[in-house]
Amino acid sequence: MKPQRYKFVLFLFLLLVQFFGLTIISAHAFYYLFAPILLFFFCKKYKSIPLYRKELLLFLFFIICSCIYSTIYNEQNFIKTFIASLDFWGIISVFILAYYKVSLKESKKLLITISLLFCICYIIQWMIYPTILFSGATDETNISGSYFRMRMQGSICAYILYFYGLNDFLLTKNIKNIAFIILGGIPIIIMGFRSLTTLTLICSVILFLFLSAKSKKIILWTIPLGGLLYFSTSIPVVSDKIDEMMERQDSNQTFTNEDYIRYIEFDYFSKEVFTKPGEKIFGGGTPVYDGNHYAKILETAYQVYGWYWVDLGLIGLSFIIGIPAVLIFSWLIFKCIRFCKNPEYQFLRFTLVTVFLGSIITSKEIYRTGNMIIIGIILYITYLSNLKNNQQNENRYIDLS
């Protein structure tokens, strides 16, 4: 692939994630530009990814069904609803890479470059706040002069870079990967999600054991990595974030509390809002905040009570695009995890495991704005990797014959 074309593809993906929410281009109106771009590549190459083609087609089909349902029952404009749903069907970005025939090596480079840029941008915004460069820093609910838990578009990139650094360090022992671990780890810590932080640590241990189980030097590598983890807890920002998470734990903001906000939110949305015929199957549709009654109900719930459907993760998403769509998406992620077999690509597997499990009922991380676009790159990498493995196995079989 020519350097100019690679740079264009990189620019295109950065544009689709709105440069991580850069304020000068972070507006929903841009979705009317992005949607035709994605649909163009989809129409051109929808047959080119056989490993995931059926799931992607079915997923898009059910999202369209949710838009039709929303038009009939919630009186929302079909086009506006479909455009607003781009945060979910943005996963068809996989076909951009297929159209330009991006190689496996270039795809990996593209993903790591975008992830590195995300982490650098996140850290810069954190350091210069209250100066605002990215729209995520305008969130007054989670950010104040003494409290900073910014959610930024493309947040899955932090997990990708962190696990990539750990993955490559365990395989190559290259010290530069420590920098990737730190750069990816800082946004994860600052975002302060208890479940995602815990899952990141658990998956780190599993990844370590997975890649080091056959090595006699496993104990040798446990010492420096354990020391790095222990040292990090003494850094003020890390210790402060741990204290914040423990404070929420101690205040009984957990599933053991019958009055936990997510139980209340689930009861409200399942029994008071999404109750129309067939709504559990098709979903009520992505809300379009243009004054319609459906969107006003959801907006009022958030503004008056602080209840928001995205707080329920994938369960909340099922209210919007329907249970079948969420099940198909879950199967797609599981399939991607299953076919991610090569040691050098385990960082993709553990990124998806971490973010998916952390999004079942506690956050919208896996479908946060921009993340589906990035997951499209992951699908493409695992597809090419699996294709390469199959070709090598076939050649090996021919040689043996």
Side-chain angles (χ1 to χ4, degrees), residues 1-20 25 30-64 67 79 82-118 153-154 156-157 160 325 328-329 331-333 335-336 339-340 342 345 348 351-352 366-367 369-391:
M1 188 178 189
K2 294 181 180 180
Q4 294 86 349
R5 180 165 287 192
Y6 172 82
K7 290 177 182 177
F8 173 75
V9 173
L10 173 61
F11 171 79
L12 184 55
F13 271 92
L14 289 173
L15 180 64
L16 289 171
V17 297
Q18 297 180 319
F19 289 86
F20 314 118
I25 64 167
F30 280 97
Y31 280 26
Y32 287 88
L33 169 64
F34 300 155
I37 291 174
L38 285 168
L39 290 173
F40 168 79
F41 289 110
F42 169 77
C43 292
K44 286 288 185 178
K45 302 297 291 187
Y46 74 92
K47 294 181 180 180
S48 61
I49 313 289
L51 183 64
Y52 303 121
R53 184 174 63 227
K54 290 181 181 179
E55 290 84 359
L56 288 169
L57 287 172
L58 280 172
F59 183 56
L60 187 59
F61 169 77
F62 276 105
I63 287 179
I64 291 173
C67 297
I79 298 297
F82 183 68
I83 296 295
S85 304
L86 187 143
D87 282 346
F88 317 133
W89 58 266
I91 197 170
I92 66 172
S93 62
V94 61
F95 298 107
I96 296 175
L97 300 171
Y99 181 85
Y100 287 108
K101 299 179 181 179
V102 183
S103 69
L104 180 58
K105 182 179 180 181
E106 289 169 329
S107 301
K108 180 180 177 182
K109 178 184 175 183
L110 177 75
L111 184 63
I112 301 307
T113 300
I114 294 173
S115 298
L116 181 60
L117 288 173
F118 168 85
Q153 294 185 25
I156 194 174
C157 290
I160 291 170
I328 291 166
F329 173 68
W331 173 252
L332 181 64
I333 294 299
K335 194 172 181 180
C336 186
F339 283 103
C340 189
N342 291 32
Y345 296 114
L348 300 177
T351 293
L352 290 178
I366 199 153
Y367 59 89
T369 301
N371 283 356
M372 286 291 198
I373 300 290
I374 303 300
I375 291 174
I377 305 177
I378 296 177
L379 292 183
Y380 187 74
I381 293 174
T382 55
Y383 166 67
L384 287 187
S385 175
N386 186 67
L387 193 64
K388 181 180 178 181
N389 288 341
N390 290 340
Q391 290 172 345

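Heads up: numbering here begins at 1 and tracks the sequence.
Considering NZ of K45 and NZ of K101, their distance stands at 6.0 Å, rounded to 0.5 Å. Between C43 atom SG and I92 atom CD1 the span is 8.0 Å, to the nearest 0.5 Å. The line from CD1 of I160 to CZ of F118 is 10.0 Å long, rounded to the nearest 0.5 Å. In this structure, L57 CG and F62 CZ are separated by 12.0 Å, a value rounded to the nearest 0.5 Å. With rounding to the nearest 0.5 Å, the separation of CG in L352 from CG in L348 is 7.0 Å. Atoms CD1 and CG, on I114 and L10 in that order, are 5.5 Å from each other to the nearest 0.5 Å.
Ring planes of F34 and F30: parallel class, angle under 30° (limits at 30 and 60°). Ring geometry, W89 versus F82: the interplanar angle falls under 30°, so the pair is classed parallel (tilted spans 30 to 60°).
Side-chain contact between S385 and N389 is present, with heavy atoms from C-beta onward closer than 4.5 Å. At least one side-chain heavy atom of L14 sits less than 4.5 Å from a side-chain heavy atom of F20. I381 places none of its side-chain heavy atoms less than 4.5 Å from the side chain of L97. Inter-residue side-chain proximity for E55 and W331 is flagged as met; some heavy-atom pair is nearer than 4.5 Å. Two residues are said to be in side-chain contact when any heavy atoms from C-beta on lie closer than 4.5 Å; Y6 and L110 meet this criterion. Residues L111 and I378 form a side-chain contact, since some pair of their non-hydrogen atoms from C-beta on lies under 4.5 Å apart. Between F19 and F11 there is a side-chain heavy-atom pair separated by less than 4.5 Å. Residues L379 and I49 have side chains not in contact (no heavy-atom distance under 4.5 Å, counting atoms from C-beta outward).
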Q: Applying side-chain contact (heavy atoms from CB on, under 4.5 Å), run through E106 and Y100 and close with a yes or a no.
A: CA-CA 11 Å; E106 289 169 329; Y100 287 108; over 6 Å; no
Q: Would you sort out whether L387 and L104 count as a side-chain contact (heavy atoms from CB on, under 4.5 Å), showing the intermediate values?
A: CA-CA 10 Å; L387 193 64; L104 180 58; over 6 Å; no
Q.
Evaluate F61 against I328 for side-chain contact (heavy atoms from CB on, under 4.5 Å), listing each step before the verdict.
A. CA-CA 11 Å; F61 169 77; I328 291 166; over 6 Å; no
Q) Checking side-chain contact (heavy atoms from CB on, under 4.5 Å) for the pair I375/Y367: CA distance, chi angles, key distance, verdict? A) CA-CA 9 Å; I375 291 174; Y367 59 89; over 6 Å; no
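I63 and S85 get closest at one heavy-atom pair: CG2-CB, 4.0 Å. Across all their heavy atoms, P50 and Y383 have their closest contact at CD-OH, 3.5 Å. Listed here is the closest heavy atom pair of F95 and L56: CZ-CD1, 3.8 Å. Nearest heavy-atom pair across I83 and A35 is CD1-CB, 3.4 Å. V102 and S107 get closest at one heavy-atom pair: CG1-OG, 3.4 Å. Considering all non-hydrogen atoms of both residues, R53 and K47 come closest at NH1-O, 2.9 Å.
The cationic atom of K108 (NZ for Lys, CZ for Arg) lies less than 6.0 Å from the six-membered ring centre of Y345 and within 45° of the ring axis.
Taking the six-membered ring for Trp, F88 and F59 have ring centres at least 6.0 Å apart.
The environment of OH in Y46 is sparse: at most 12 heavy-atom neighbours from other residues, nucleotides or ligands sit within 6.0 Å.
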